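Presented below is the structure to which this report refers.
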Amino acid sequence: MKNIIVNGYALANIPFEERKEASSSPLWRWSGNPLTKRNPTANIARIFNSAVVPFQGGFIGVFRGEQTNGIPLLYLGRSPDGFRWSFDDKPIHFVNKAGQPYEPLYAYDPRLVKIEETYYILWCGDFYGAAIGLAATQDFQSFTRYENPFIPFNRNAVLFPRKVNGKFLLLSRPSDSGHTPFGDIFLSASPDLEYYGHHRHVMGPSREWWESLKIGAGAAPIETSEGWLLFYHGVASTCNGYVYSLGGCLLDLNEPSKVLYRSSNYFLTPEEPYEEKGFVNNVCFPCACLVDKDSQRLALYYGSADSYVSLAFGYVDEIVAYIKSHSVTTAADCEEGLR
Ligand code: BMA
């Protein structure tokens, strides 16, 4: 296997468990799944689709808390080891750049990306319809909300962990106002996270059943010498509703709108009881990934059945090798994405 260089954290205390059973996927599930239980606090009925980063020797996360009143909001959670979490009782309080309070009507599917010394939270919230929300924090105590990056409808926003060619890069998935039956991943550039342009198409659904309806970026891309490793969700439509699986691809380092390799197989598809059965059945929804660049160990946090947070593990070099050896791309994947 080619020696792969991974850019990112040296994370000796990454949550990890070695593979216990043989499988054809480069990812395996934690034997203790799911990580969260129902009704973890008085106000929250379920926690799922959530984002985690290393912080001050432990881990901190922004969690989708589906409240008992049915409204999703963002809650902070803290953990010494990435496995055991405690959650705040109250949702995150945001202010805008003028210091005025901003309480989202709803907020879900957060992603969390560290760029230089700032952590950015991205989510789906209300802007006269579902749209992308963005806020910054350095200490997880004060949170400054940016203006809405895009007009509605748009979801699944993820930032790259560094500027590329001098610009912040944001992946997103334009959608509709409901349970969108379509969806491609697009890339947009910004000099300041306020203004976005130079939009490019990255990739759309494929001919594989598990990602034949729509796709959406999952965790923040991981920089490797073989390209940006992106985990994403793929959706299939069945007679009993949507099925959310999880797969991966490698994007060009300098022009990430170009797909280099794309795994034709999913990495995880709903198979375990906590993925197949829950508030919404058959959902594996990745939102965050921790990587130890020295050992190549990777921990992926994904939402299961819209009810729990679950964990999967892998080695970056094995995942990259798997994507390359199972790759099927189309002309639309590989082009610059500008028409
Ligand atoms: C999507 C989002 C996700 C959810 C998924 C399955 O549209 O709302 O938060 O996990 O549907 O219900």
Side-chain angles (χ1 to χ4, degrees), residues 44-51 62-74 91 102-111 121-134 147-158 170-188 196 199 201-219 231-247 266 269-270 275-287 302-309 332:
I44 303 176
R46 299 176 299 283
I47 284 191
F48 55 101
N49 300 7
S50 299
V62 174
F63 290 83
R64 170 176 177 161
E66 212 81 349
Q67 303 182 128
T68 48
N69 65 6
I71 296 172
L73 289 177
L74 304 182
Y102 162 72
E103 308 294 348
L105 210 56
Y106 60 80
Y108 61 85
D109 295 354
R111 273 68 164 196
I121 308 170
L122 301 117
W123 67 88
C124 178
D126 175 61
F127 177 35
Y128 302 87
I132 292 164
L134 174 64
E147 286 231 8
N148 298 298
F150 296 142
I151 59 172
F153 304 99
N154 203 321
R155 298 178 169 99
N156 298 305
V158 177
L170 185 116
L171 295 168
S172 74
R173 209 276 304 287
S175 54
D176 69 10
S177 58
H179 299 292
T180 317
F182 61 86
D184 294 18
I185 298 176
F186 285 81
L187 180 73
S188 305
Y196 296 81
H199 308 290
H201 180 265
V202 179
M203 59 185 196
S206 82
R207 295 173 67 175
E208 307 301 330
W209 70 267
W210 65 273
E211 52 168 349
S212 54
L213 185 77
K214 58 178 172 175
I215 58 173
F231 292 102
Y232 64 96
H233 67 258
V235 182
S237 188
T238 74
C239 60
N240 279 327
Y242 291 167
V243 174
Y244 283 71
S245 304
L246 180 171
Y266 55 80
T269 196
E275 299 164 342
E276 288 182 335
K277 204 158 170 35
F279 195 76
V280 177
N281 295 342
N282 295 316
V283 181
C284 292
F285 195 93
C287 283
Y302 67 100
S304 38
D306 286 10
S307 299
Y308 317 102
V309 177

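Only a predicted model underlies this, so the values are computations on that prediction, with no experimental measurement involved.
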Query raised in the report: Could you go step by step and tell me if Phe186 and His199 meet the ring-ring contact (aromatic ring centres under 6.0 Å, His included) rule?
Result: CA-CA 7 Å; Phe186 285 81; His199 308 290; 8.4 Å; no
Query - Partners meeting side chain to side chain donor-acceptor pair (under 3.5 Å) with Asn281 (sequence neighbours left out) - result: none
Query - Heavy-atom donor-acceptor pair, Arg155 side chain to Asp176 backbone, under 3.5 Å - result: yes
Query raised in the report: If every non-hydrogen atom of Tyr106 is compared with every non-hydrogen atom of Gly129, which pair is closest and at what distance?
Result: OH-C, 3.9 Å
Query - Stepwise side chain to side chain contact (heavy atoms under 4.5 Å, CB included) check, Trp209 with Thr269 - result: CA-CA 11 Å; Trp209 70 267; Thr269 196; 3.6 Å; yes
Report task. Can you see which heavy atom on Pro270 is nearest to which on Ser245, and at what distance? Result -> CD-OG, 4.0 Å
Report task. Take Phe285 and Asp109 through the side chain to side chain contact (heavy atoms under 4.5 Å, CB included) test and state the conclusion after the steps. Result -> CA-CA 9 Å; Phe285 195 93; Asp109 295 354; 3.4 Å; yes
Query raised in the report: Is the shortest heavy-atom distance from the side chain of Lys214 to the side chain of Tyr244 under 4.5 Å?
Result: yes
Query raised in the report: Once you round to the nearest 0.5 Å, how far does CD of Glu147 lie from CZ of Phe127?
Result: 8.0 Å
Requested in this report: Provide the closest heavy-atom pair for Ala157 versus Leu122 in the form atom of the first, atom of the second, distance.
Outcome: O-CB, 3.6 Å
Report task. Please confirm whether the backbone N or O of His179 pairs with a side-chain atom of Tyr242, one donor and one acceptor, at under 3.5 Å? Result -> yes
Query raised in the report: Looking at side-chain heavy atoms only, is the closest gap between Pro286 and His233 below 4.5 Å?
Result: yes
Requested in this report: Please report the shortest heavy-atom distance between Phe279 and Asp306, naming the atom on each side.
Outcome: CB-O, 3.7 Å
Requested in this report: Give me the ring orientation class for Phe150 and Tyr196: parallel if the planes are under 30° apart, tilted from 30 to 60°, perpendicular past 60°.
Outcome: perpendicular
**Report entry** Interatomic distance, Ile215 atom CD1 to Arg173 atom CZ [nearest 0.5 angstrom]
**Finding:** 8.5 Å
Query raised in the report: In terms of the angle between their ring planes, are Tyr266 and Trp210 parallel, tilted or perpendicular, with boundaries placed at 30° and 60°?
Result: perpendicular
Query raised in the report: Rounded to the nearest 0.5 Å, how far does NE2 of His201 lie from CD1 of Ile185?
Result: 8.5 Å
Query raised in the report: Which heavy-atom pair separates Ser175 from Thr180 by the least distance, and what is that distance?
Result: CB-OG1, 3.3 Å
Requested in this report: Output the distance between atom CG (Leu171) and atom OG (Ser188), rounded to the nearest 0.5 Å.
Outcome: 8.5 Å
Requested in this report: May I ask you to decide if Arg64's main-chain N or O and Ser50's side chain share a donor-acceptor pair within less than 3.5 Å?
Outcome: yes
Report task. Mind listing the closest non-hydrogen atom pair of Val62 and Ile121 along with its distance? Result -> CG2-CD1, 3.9 Å
Query - Spacing of CZ belonging to Phe63 relative to SG belonging to Cys287, to within rounding of 0.5 Å - result: 10.5 Å
Query raised in the report: Is the CG atom of Asn69 crowded by more than 12 outside heavy atoms at less than 6.0 Å?
Result: yes
Report summary line: Sorted by chain and number, sequence neighbours left out, side-chain contact (heavy atoms from CB on, under 4.5 Å) with Ser206 holds for Glu208, Glu211, Arg262
Requested in this report: Answer yes or no: is there a donor N or O on one side and an acceptor on the other, between the side chain of Arg111 and the main chain of Gly218, under 3.5 Å?
Outcome: yes
Query raised in the report: Atom SG of Cys284 and atom CD of Glu276: how far apart are they, to the nearest 0.5 Å?
Result: 9.0 Å
